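Quick caveat, the model's predicted, so the values are computed rather than measured.
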Amino acid sequence: MVLKNAKHIFKNGNSYAIRISKKDREQLGIDESADLVKTISPDNKTISFTVVTHDENKTVDDFARKFMATHKKAFDILKDM
């Protein structure tokens, strides 16, 4: 039985890949430069991908930079252990 939205994996070098249709890419507003976060369900039956916007990346980067600066002394101590 073939489902309407079924996707088939295919060999791509040493990996496997899944195609994202032009229609789906347009709906998501992504191109080949898009960053996606992969999530696998606990029962290993579902894989989902979430589009990461540059604003989200900047927010995480800003938080990490501030956190590292605030706790620099602790990181320096841990680095030498």
Side-chain angles (χ1 to χ4, degrees):
M1 179 170 89
V2 177
L3 301 174
K4 182 179 179 183
N5 288 324
K7 302 290 183 192
H8 299 281
I9 63 172
F10 60 94
K11 188 82 168 148
N12 185 20
N14 290 328
S15 299
Y16 288 90
I18 299 172
R19 284 188 180 89
I20 300 173
S21 69
K22 180 179 179 182
K23 180 180 173 184
D24 289 342
R25 287 191 323 264
E26 288 173 348
Q27 184 175 352
L28 293 169
I30 62 173
D31 60 18
E32 64 275 355
S33 67
D35 291 320
L36 305 173
V37 175
K38 175 185 71 175
T39 305
I40 299 176
S41 65
D43 64 359
N44 293 319
K45 298 284 184 187
T46 305
I47 300 172
S48 63
F49 294 91
T50 304
V51 178
V52 178
T53 65
H54 295 290
D55 291 340
E56 291 168 336
N57 283 339
K58 185 179 180 331
T59 301
V60 171
D61 289 346
D62 290 346
F63 170 80
R65 226 180 330 279
K66 183 178 177 183
F67 184 85
M68 294 292 284
T70 302
H71 301 288
K72 183 180 182 339
K73 188 173 182 177
F75 283 107
D76 288 341
I77 291 168
L78 290 171
K79 175 180 69 174
D80 296 332
M81 294 180 114

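Atom CG of Asp43 has more than 12 heavy atoms from other residues, nucleotides or ligands within 6.0 Å. Counting heavy atoms of neighbouring residues, nucleotides and ligands inside a 6.0 Å radius, atom CZ of Phe10 exceeds 12 of them. Residue Lys66 qualifies as open at atom NZ: its count of foreign heavy atoms under 6.0 Å is 12 or below.
Counting heavy atoms from C-beta outward, Asp76 and Lys72 have side chains that approach closer than 4.5 Å. Under the 4.5 Å side-chain criterion, counting only non-hydrogen atoms from C-beta, Leu36 is not in contact with Val52.
A search for side-chain hydrogen bond (donor to acceptor under 3.5 Å, both in side chains) contacts involving Asn44 returns nothing, not counting sequence neighbours.
Taking every heavy atom of both residues into account, Arg25 and Ile20 meet most closely at NH1-O, 2.9 Å. A pairwise comparison of heavy atoms in Lys7 and Arg19 identifies CD-O, 4.0 Å as the closest pair.
Phe75 is not connected to Ile77 by any chain of hydrophobic side-chain contacts under 4.5 Å among Ile, Leu, Val, Met, Phe, Trp and Tyr, and they are in different clusters. Hydrophobic clustering (side-chain heavy atoms under 4.5 Å, transitive across Ile, Leu, Val, Met, Phe, Trp, Tyr) keeps Ile47 apart from Ile9. In the hydrophobic cluster analysis, where Ile, Leu, Val, Met, Phe, Trp and Tyr join through side-chain heavy atoms closer than 4.5 angstrom, Phe63 is grouped together with Met68.
For the atom pair CD1 (Ile18) and CZ (Phe49), the distance works out to 6.0 Å, reported to the nearest 0.5 Å. From Thr50, atom OG1 reaches atom NZ of Lys38 across 12.5 Å, with rounding to the nearest 0.5 Å.
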